[in-house]
Amino acid sequence: MAKQLMDIPRNVIDGAVEGKAEDLAFVLGYFSGYITKLATRTLKDDYGNEYVYLDEDLRLRLEAKLICSIVSNFDIDIA
């Protein structure tokens with residue numbers, strides 16, 4: 001089952017948009033697996049061995065982008 005924004009309670013979303021730290025932390029935690037997947041990279045050495053690692057810089061930039069998007073221009077239109 002895919003995660004959806006609708007799985008997050010509306011009051012948590014509203015709190016995150018207002019910049020409440022605990023609600024932002026909940027949203028970040030909710031999407032942490034997805035962000036980790038996006039920031040996972042594969043490195044190949046000179047011998048052809050592949051290593052999978054988490055690019056911490058990219059992970060932090062993605063989290064910052066998510067927070068910035070939520071508090072600056074997040075618009076929810078629920079019919």
Side-chain angles (χ1 to χ4, degrees):
M1 181 175 189
K3 287 187 173 185
Q4 296 180 3
L5 190 57
M6 299 301 287
D7 295 337
I8 301 175
R10 177 62 190 232
N11 62 330
V12 173
I13 294 172
D14 291 338
V17 170
E18 293 170 6
K20 293 182 181 176
E22 61 275 358
D23 293 331
L24 280 169
F26 181 89
V27 174
L28 279 176
Y30 185 81
F31 289 107
S32 67
Y34 180 62
I35 290 172
T36 299
K37 183 176 180 175
L38 290 175
T40 300
R41 299 287 178 235
T42 302
L43 178 69
K44 191 180 273 191
D45 66 13
D46 293 338
Y47 302 103
N49 299 317
E50 291 186 355
Y51 301 94
V52 177
Y53 73 100
L54 177 62
D55 185 342
E56 282 292 324
D57 181 55
L58 180 56
R59 184 187 64 80
L60 292 172
R61 287 188 290 139
L62 289 170
E63 286 181 354
K65 181 67 175 175
L66 177 60
I67 292 170
C68 182
S69 295
I70 290 170
V71 297
S72 64
N73 59 1
F74 199 70
D75 186 23
I76 302 172
D77 185 23
I78 299 177

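All values below were derived from every heavy atom in this structure, side-chain atoms included, with hydrogens, water molecules and symmetry-related copies excluded.
Residues passing the salt bridge (charged side-chain N to carboxylate O under 4.0 Å, His left out) test with K20 are E18, sequence neighbours excluded.
Here the shortest heavy-atom pairing between V27 and A16 reads CG2-CB, 4.1 Å.
Between the CG atom of D14 and the CD1 atom of I8 there is a distance of 11.5 Å, given to the nearest 0.5 Å. Rounding to the nearest 0.5 Å places CG of L62 at 9.0 Å from CG of L66.
Criterion: ILVMFWY side-chain heavy atoms under 4.5 Å apart, direct or through other members. Under it, L60 and L28 are not part of a common hydrophobic cluster.
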Residue pair D7, Y30: steps toward the side chain to side chain contact (heavy atoms under 4.5 Å, CB included) verdict: CA-CA 9 Å; D7 295 337; Y30 185 81; 3.0 Å; yes
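Every pair tested for side chain to side chain donor-acceptor pair (under 3.5 Å) that includes a residue from residues 33-42 fails, sequence neighbours excluded, so the list is empty.
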Distance-only criterion, 3.5 Å: show the donor-acceptor pairs between side-chain atoms of residues 50-59 and protein atoms not counting sequence neighbours.
| residue | atom | partner | partner atom | Å |
| --- | --- | --- | --- | --- |
| Y51 | OH | D45 | OD2 | 3.2 |
| D55 | OD1 | D57 | N | 3.2 |
| D55 | OD1 | L58 | N | 3.2 |
| E56 | OE1 | R59 | NE | 3.0 |
| E56 | OE1 | R59 | NH2 | 2.6 |
| D57 | OD2 | R61 | NE | 3.3 |
| R59 | NH1 | E63 | OE1 | 3.3 |
| R59 | NH1 | E63 | OE2 | 2.8 |

